[in-house]
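Just so we're clear, the structure is a prediction, and the values are computed from it rather than from any experiment. Order of appearance sets the numbers: ligands from 1, and atoms from 1 within every ligand.
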Amino acid sequence: MTDVAGRPFRRLLLTGASGGLGRVLRPYLRGLCDTLRASDLVAPPDAGAGEECIGCDVGDRPAVMDLVRGVDAIAHFGGESVENTFDRILHANLLGTFNVYEAARRHGVKRIVYASSGQVTGFYPTDVVVDPSMPVRPSSLYGVSKAFGENLSRLFFDRYGIETVCLRIAMAFPEPTTHRMLRSYLSYRDLCELVHRGLVAPGVGHAIVYGVSANRDLLWRNPDAARIGWTPRDSSEPFRAGVEARQPVPDPDDVQNRFHGGRFTQDGPFEDRAT
Ligand SMILES: NC(=O)c1ccc[n+]([C@@H]2O[C@H](COP(=O)([O-])OP(=O)(O)OC[C@H]3O[C@@H](n4cnc5c(N)ncnc54)[C@H](O)[C@@H]3O)[C@@H](O)[C@H]2O)c1
């Protein structure tokens, strides 16, 4: 797949390109390909050189079939990124992720990096260190939808040989601002390198990697990180003193601290979110 300029891909697709992480990944991924197809619900503005910006609702199957045509690999970051009504989660995350995989199958795309979430195992208590071999315990409907995407990607690997690296992203933001984030922080640099490895590492088959920097007191073991050749370079430690000075010591019984998923585990009773 390497082109004459030494870039690993001719054309990459990034969904969710206008989102918080999409805006970080867009310039980085542009450097990995001749053409970056950047997509979101509304076409991202300001297409630069070597970019195609396309508006596409991933829940719209015919539109996704067109979106995926001609790409070598996909970074799938579009969809509902927090808890929401079941109908919205159903459309964007379940139907949307199915459409992306089905389009990949029809168009012969063989590698996907899928933005899953640490919320797939969010209902584990924080005194349990979790790894990807353990049963899922989703924190929320959102977490259930991410577990669906992981299982779907497993099926598409076992049946069709489409390789996926599922990223159980913990908390990727410019910097950690709470005690919880000191454990869960994923720096943008580590995120970009993680997506990069997920796209290019040879023979990954189906992998699940927790997206978290090299923080103290980690809640996860991450055997597949080495398998895809990713080692986080950053840590939340430089931010610790600031967070601890600004924030009171957390109550260990507070839901924020009892479960991996923090407040996602309590975020709205389902009956309030039926529509
Ligand atoms: N930021 C984090 O710490 C974090 C943690 C865990 C998982 N993730 C996952 O990473 C991905 C990106 O997260 P983010 O923080 O950038 O979220 P975000 O909400 O900022 O971005 C998501 C993007 O998806 C787009 N989108 C929503 N519904 C869509 C649809 N039906 N069709 C096409 N596009 C649609 C939105 O317009 C938005 O631009 C999400 O899948 C999220 O679940 C993020």
Side-chain angles (χ1 to χ4, degrees), residues 13-26 28-29 37-45 53-68 74-85 87-100 103 112-122 138-150 152-153 164-178 180-181 183-188 190-192 194-195 198 208-213 215 219-220 234 236 260-264 267:
L13 169 62
L14 170 65
T15 67
S18 301
L21 302 190
R23 288 196 304 273
V24 172
L25 289 168
R26 186 173 155 189
Y28 186 92
L29 295 182
R37 186 170 291 171
S39 177
D40 206 288
L41 276 172
V42 174
C53 289
I54 297 178
C56 175
D57 177 348
V58 292
D60 177 343
R61 190 164 309 149
V64 176
M65 291 302 149
D66 287 343
L67 182 70
V68 169
I74 301 170
H76 179 39
F77 278 71
E80 296 295 339
S81 60
V82 290
E83 185 65 321
N84 212 315
T85 63
D87 290 351
R88 288 191 60 156
I89 300 255
L90 174 66
H91 180 83
N93 292 10
L94 281 76
L95 185 58
T97 302
F98 173 77
N99 289 341
V100 168
I112 298 177
V113 170
Y114 168 60
S116 183
S117 168
Q119 299 298 335
V120 165
T121 47
S139 58
S140 52
L141 294 174
Y142 164 76
V144 170
S145 77
K146 293 297 184 180
F148 168 84
E150 290 188 1
L152 187 78
S153 66
T164 292
V165 178
C166 299
L167 309 183
R168 287 187 180 169
I169 301 165
M171 298 179 91
F173 292 94
E175 63 179 71
T177 54
T178 65
R180 196 168 106 76
M181 286 178 80
R183 295 178 111 176
S184 307
Y185 173 60
L186 173 67
S187 74
Y188 285 163
D190 284 342
L191 169 76
C192 288
L194 176 56
V195 173
I208 297 176
V209 180
Y210 280 96
V212 65
S213 289
N215 307 326
L219 294 165
W220 307 275
D234 295 319
S236 61
H260 284 218
R263 72 170 166 72
F264 268 74
D267 202 9

Any sub-3.5 Å donor-acceptor pair from [X]'s side-chain atoms to [Y]'s backbone N or O?
{"X": "Q119", "Y": "P138", "result": "no"}
{"X": "R183", "Y": "L219", "result": "no"}
{"X": "D40", "Y": "S18", "result": "yes"}

Students often mix this up, so state it plainly: with edges at 30° and 60°, are the rings of Y142 and F264 parallel, tilted or perpendicular?
tilted

Element-labelled atoms of ligand 1 that are located less than 4.0 Å from some non-hydrogen atom of [X]:
{"X": "S18", "answer": "39 (O)"}
{"X": "G78", "answer": "24 (O)"}
{"X": "D57", "answer": "30 (C), 31 (N), 32 (N)"}

Rounded distance [0.5 Å steps], CG in D60 versus CG in L95:
9.0 Å

Atom SG of C166 and atom OH of Y210: how far apart are they, to the nearest 0.5 Å?
11.0 Å

Would you mind finding which of [options] brings a heavy atom closest to [atom]?
{"atom": "atom 32 (N) of ligand 1", "options": "V58, L167, V64", "value": "V58"}
{"atom": "atom 22 (C) of ligand 1", "options": "G79, G96, G16", "value": "G79"}
{"atom": "atom 25 (C) of ligand 1", "options": "D40, L25, L186", "value": "D40"}
{"atom": "atom 43 (O) of ligand 1", "options": "Y142, Y114, F264", "value": "Y142"}

Which bit of [X] is near ligand 1, meaning a heavy atom under 4.0 Å away: side chain, backbone, both or neither?
{"X": "A170", "answer": "backbone"}
{"X": "S116", "answer": "backbone"}
{"X": "K146", "answer": "side chain"}

Say whether C56 and ligand 1 are in contact under the criterion: heavy-atom distance to a ligand atom below 4.0 Å.
yes

